[in-house]
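Throughout, protein chains are lettered first and strands after them, A, B, ... in sequence-line order, and every chain is numbered starting at 1.
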Amino acid sequence: MERKCTISVEHFVSLLLKCRKQRDLARSMETHLQIALYGYEAQAVLGNSLVQAYAVSGCMHDAHSLFNTLVDVDEYSWTSLIQVHVDCREYKHALALFHIMEKTVVQPSTYTFVAVAKACGHLKALDPGFCVHMKIVKMGLDGDSYIGNALLSMYIVSGSLVEAQILFDLLRTQIVVSWNILITGYLEHGLVEKSLECIDHMQLRNVSPNEITLIAGLKACSSLRAVLKGRDLHSKVIILGFDMDLSVETTLVNLYSKCVLPTEAQAVVFKLQASSVVPWNALITGYVENNSGKEALGCIDKMQLHGIPPNVVTFVCGLKACVITQDLDRGQELHCEIVKAGFDNVPSAGNSLMALYAKSGAILETCEVFNKLPNKSIVSWTSLISGFVDYGANEKALDCFEKMCVEGLAPDAAAFVCGLKACGSLETASMGRELHAMILAMGHERNLYVGNVLLDTYLKTGFFADGQGVFNFMPFQNVVSWNTLIAGYTEYGFSSDSLLLYNQMQLEGMFPDVTTFICTLKACGSAKEVSMGRQVHASIVFTGLESDGIVGNSIVDMYTKCGQLKEAHYVFDLLPSKSIVSWNSIIAGFSELGLSEDVLRLVDEMRIEHFSLDTTTYVYSLKACCSLKFIAHCQEHHEEIILKGLEGHPFIVSAVVDMYANCGLLREAQDLLDGLPARNVIVWTALITGYAEHGLSFEALESFERMILDGILPNIITYACTLKVCGNLSALYKGEEVHSRVTKEGLIDFHAEVYGKSECRFPNPDGAVEFEGTESLIFNSLIEMYCKCGCMVDAHYLFNLIPVADILTWSALLTGYARQGDTEHVLHLFDKARKTGIKPNEVMFLAILSVCSHGGLVGVGQHCFEAMIGEYLVLPALEHYNCLMDLLSRAGKLEEAVAVLENLPFGPDLVTWSTLLGASRNWGDVDLGRQSFEWVARLDEGNAAAYIVMSNIYAEAGMPASYSSLIASY
DNA sequence: GTAGGGTTAG
């Protein structure tokens with residue numbers, strides 16, 4: 001009872017104020033109990049304080065129950081309840097309470113309106129906000145500076161900048177706070193220049209800026225990278241005496257860092273001599289943002305020397321710096337320090353650790369950090385997904401994405417970006433579409449990152465129309481969007497479109513960056529557009545980007561792909577620093593043109609310059625060795641590869657098998673292939689072509705069978721080679737089987753209309769195989785196969801289906817008909833080919849000459865031979881001369897045939913002499929017969945037919961002596 | 001006042 005006298009109501013009020021400040025619920029409840037014990041419950045002031053104390057501690061329900069028991073609810077009770085909801089960001093609730101209050105007799109005060117205006121602003125609720133404004137005017141409170149600023153703030157926060165400016169101009173007095181609301185408002189809504197204009201205006205009206213104004217101004221300068229204006233504000237800071245204000249100085253550090261003026265940023269920090277970690281962090285962040293990882297880490301050391309311990313932000317930046325410098329060791333040291341300092345449970349630290357490990361390829365550590373995180377936020381999940389994507393584990397990434405959704409976390413824009421990246425790498429269009437639908441449903445489609453990666457995913461999966469649609473409907477495109485489009489078209493062989501896009505983007509005022517140049521150079525290379533390539537090269541020099549390593553390599557690559565080795569070599573020699581990629585680019589150029597000696601010379605040069613050969617280099621040098629048939633050299637290479645442990649690499653494996661197969665070491669090739677744990681289409685194809693090229697047709701077909709049994713899908717090269725073998729063997733049945741395979745796989749389309757390119761989805765382009773020309777290669781191989789097997793009906797049927805017949809198609813068909821002796825078809829087709837603009841080649845002329853000779857069309861044949869040289873400028877080979885001699889001698893023009901023989905530009909071969917031998921028999925020319933026979937016998941010993949023909953000549957000429965001696969010698 | 005995950009490229 002004694003205590004009852006000593007504790008006053010005022011004491012309880014101050015006690016509750018303390019509880020409220022410390023959000024100490026337990027003490028609030030204890031105090032509540034005491035108030036009840038003392039019988040003070042009916043005291044209005046205590047009731048209101050209790051309501052506030054409960055509300056700020058999160059016990060809104062208790063606060064409301066208590067509010068309902070209050071005996072006299074006054075303006076203060078209502079306002080404090082509304083205020084508390086606003087503080088807890090429960091704006092809707094606050095507004096609802098205000099509406100209830102309006103129905104009572106209690107009149108709102110200035111404080112009530114300030115709280116309600118804040119709620120309206122955050123709700124972006126313009127109509128209720130305007131009603132509140134009107135009510136204020138009606139009550140004559142609009143002259144109050146406090147209310148005026150609250151309303152100004154309401155319009156700004158809700159984004160109604162025009163209304164805010166009108167209200168601002170109507171304010172009775174514009175104090176510095178009013179100006180600051182306007183200035184920070186413009187800044188936050190991106191109207192950066194406008195906020196700087198306001199700062200100038202306020203000074204003209206003799207309102208002196210305070211630290212809030214200066215911070216806003218400096219921030220504006222940062223985002224505009226406006227160094228001069230920034231320096232101007234810096235001098236204001238000094239004049240007005242804010243140069244020891246931690247916040248102002250930190251913003252200054254940030255400004256100088258963003259403007260890449262590290263010395264000035266440092267000067268600010270050192271001059272400040274503060275013991276706070278924050279300005280140091282601003283400095284470190286600046287270095288990280290400018291990709292100066294080493295300097296950032298140095299700064300962390302220096303800061304500790306000044307006796308300032310790092311905080312979480314410092315560690316986060318430090319980890320980023322380690323990613324930049326690729327210094328995993330230092331990263332792990334930082335990890336230890338983070339654990340020691342007890343920051344390992346802080347989400348941002350954990351997420352940055354994951355980023356470090358993921359970007360260092362340490363996926364296990366990434367997962368470990370993730371598993372240890374107590375609260376896995378959307379950011380943590382995204383870090384994990386991103387880690388899997390970087391690691392190439394795209395399926396795993398998508399699994400995680402699903403798991404994250406199952407756990408009830410709604411993906412945000414960044415999470416979608418990672419998920420889509422996985423889809424793009426997996427080339428799974430269906431999953432990509434699912435994510436796209438989710439993105440639309442959740443309203444993330446306007447995010448630039450999302451748009452760009454969506455575009456990339458559609459292009460990577462071959463859906464050009466959808467990709468173009470995404471691009472067109474983006475709210476705005478940036479340079480990345482254009483780069484993605486350019487790269488996407490090039491990837492599918494539409495390089496000319498890429499080049500048009502490069503021009504178009506510049507017409508639309510978009511400046512190319514490093515990546516644009518890299519992508520465009522690639523397009524120039526694939527399109528062999530060297531003049532455009534030179535233009536791009538000039539632009540690169542103009543922008544001073546030619547010293548960039550990747551750009552330099554791309555220029556070399558462009559020139560080599562265009563076959564301009566001189567220019568490529570010139571650029572290569574001038575590269576400021578050559579990497580293994582530079583060497584590979586130039587080597588690839590020489591390799592492409594079959595200049596094997598140069599390839600090996602360059603490889604030697606790079607060895608001299610202490611570069612270690614990588615898989616790409618080995619592939620080129622192996623190819624060069626084997627085309628030069630440097631077998632010993634090849635084997636040395638193989639040993640070196642084994643020594644380096646590269647023999648398992650898929651590219652190397654196929655190159656080595658190809659090398660052995662090419663050199664005719666087919667046993668070795670076969671053994672190597674059989675010993676592989678898994679074989680791919682490239683290795684099998686290398687073996688099959690090896691067998692085919694060395695005339696081992698049966699082994700080639702057998703390998704094709706084994707490849708199918710191995711479960712490997714052949715590619716067009718495999719099919720073309722196998723069809724050739726079938727033709728050589730006249731293996732019609734096998735050939736037809738291959739035909740039905742390629743049809744089933746859709747490699748040829750019997751109803752081939754020309755596709756609108758954005759409508760169709762192309763098969764995944766195989767690295768080694770150019771997409772363009774796929775179909776005609778298969779068609780030509782099939783036609784040739786049917787021709788060789790004598791099935792001219794099938795050959796001609798396919799010929800009619802081919803979308804565009806090229807010179808090879810015509811040659812194959814003509815040769816086929818010629819082999820059948822079908823003069824009529826050959827002459828007709830020859831005529832048709834010429835009319836469609838085909839310039840006849842040597843193969844077509846051989847076909848013509850051969851049918852003319854068999855059909856006795858001497859005049860036509862002779863005319864053709866003359867036209868071949870005079871009109872079509874095709875140089876005849878020995879085969880053509882042989883045919884001509886055959887043609888003449890069959891027609892009895894033996895002398896003319898001999899004249900051809902005597903004027904031959906080459907040495908005659910077995911066919912020449914056999915032809916003349918046959919002719920001699922037909923026309924009974926013993927001398928020419930004997931001469932021919934002697935040559936045939938010399939060139940092909942044991943040619944029984946020649947003996948028989950010669951003996952017949954002797955017998956028919958009535959020369960028994962010669963006849964019997966020839967028989968004896970035989 | 002400083003701070004966590006996300007887009008294109010050899």
Whole-Å gap separating [atom2] ([N]) and [atom1] ([X]):
X: A:M404; N: B:dG6; atom1: CE; atom2: C1'; result: 12 Å
X: A:D513; N: B:dA9; atom1: CG; atom2: P; result: 12 Å
X: A:M354; N: B:dG6; atom1: CE; atom2: C1'; result: 14 Å
X: A:D245; N: B:dT2; atom1: CG; atom2: P; result: 13 Å
X: A:H537; N: B:dG10; atom1: NE2; atom2: P; result: 18 Å
X: A:F416; N: B:dT7; atom1: CZ; atom2: P; result: 16 Å
X: A:K320; N: B:dG6; atom1: NZ; atom2: C1'; result: 11 Å
X: A:I550; N: B:dT8; atom1: CD1; atom2: P; result: 13 Å

Taking only the side-chain heavy atoms of [X] (C-beta and beyond), determine which of [options] contains the nearest atom.
X: A:V480; options: B:dG1, B:dT8, B:dG10; answer: B:dT8
X: A:T515; options: B:dT8, B:dG1, B:dG4; answer: B:dT8
X: A:I518; options: B:dG1, B:dG10, B:dG4; answer: B:dG10
X: A:S352; options: B:dG5, B:dG4, B:dA3; answer: B:dG4
X: A:V379; options: B:dG5, B:dG1, B:dT8; answer: B:dG5
X: A:N311; options: B:dT8, B:dG1, B:dT2; answer: B:dT2
X: A:E289; options: B:dA3, B:dG6, B:dG10; answer: B:dA3
X: A:A355; options: B:dG5, B:dT8, B:dG10; answer: B:dG5
X: A:N483; options: B:dT8, B:dA3, B:dG1; answer: B:dT8
X: A:T251; options: B:dG10, B:dG1, B:dG5; answer: B:dG1

Ignoring hydrogens and angles, are the base of [N] and the side chain of [X] linked by a donor-acceptor pair under 3.5 Å?
X: A:N281; N: B:dG1; answer: no
X: A:T382; N: B:dG5; answer: yes
X: A:D412; N: B:dG6; answer: no

In Å, rounded to the nearest 0.5 Å, how long is the span from CG of A:N447 to NE2 of A:H444?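 Here the rounded value is 8.0 Å.
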Select base, sugar-phosphate, or nothing to describe what [X] touches, counting heavy atoms under 4.0 Å on all strands.
X: A:S380; result: nothing
X: A:S377; result: base
X: A:V312; result: nothing
X: A:N584; result: nothing
X: A:S348; result: base
X: A:L455; result: nothing
X: A:K376; result: nothing
X: A:S582; result: nothing

Does a side-chain N or O from [X] land closer than 4.0 Å to OP1 or OP2 of [N], or not?
X: A:K421; N: B:dG6; value: no
X: A:K219; N: B:dG1; value: yes
X: A:K359; N: B:dG6; value: yes

Looking at [X] versus [Y], is the centre-to-centre ring distance below 6.0 Å?
X: A:F590; Y: A:Y620; result: no
X: A:F471; Y: A:W482; result: yes
X: A:Y492; Y: A:F464; result: yes

As a quick check of understanding, evaluate side chain to side chain donor-acceptor pair (under 3.5 Å) for A:Y559 and A:H537, giving each step before the final call. CA-CA 10 Å; A:Y559 283 124; A:H537 185 179; 2.9 Å; yes
Picking from A:V248, A:L233, A:I183, what satisfies side-chain contact (heavy atoms from CB on, under 4.5 Å) with A:I215?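 That would be A:V248.
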Parallel, tilted or perpendicular, judged at 30° and 60°: which one describes the rings of A:F270 and A:H306?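 A:F270 and A:H306: parallel rings.
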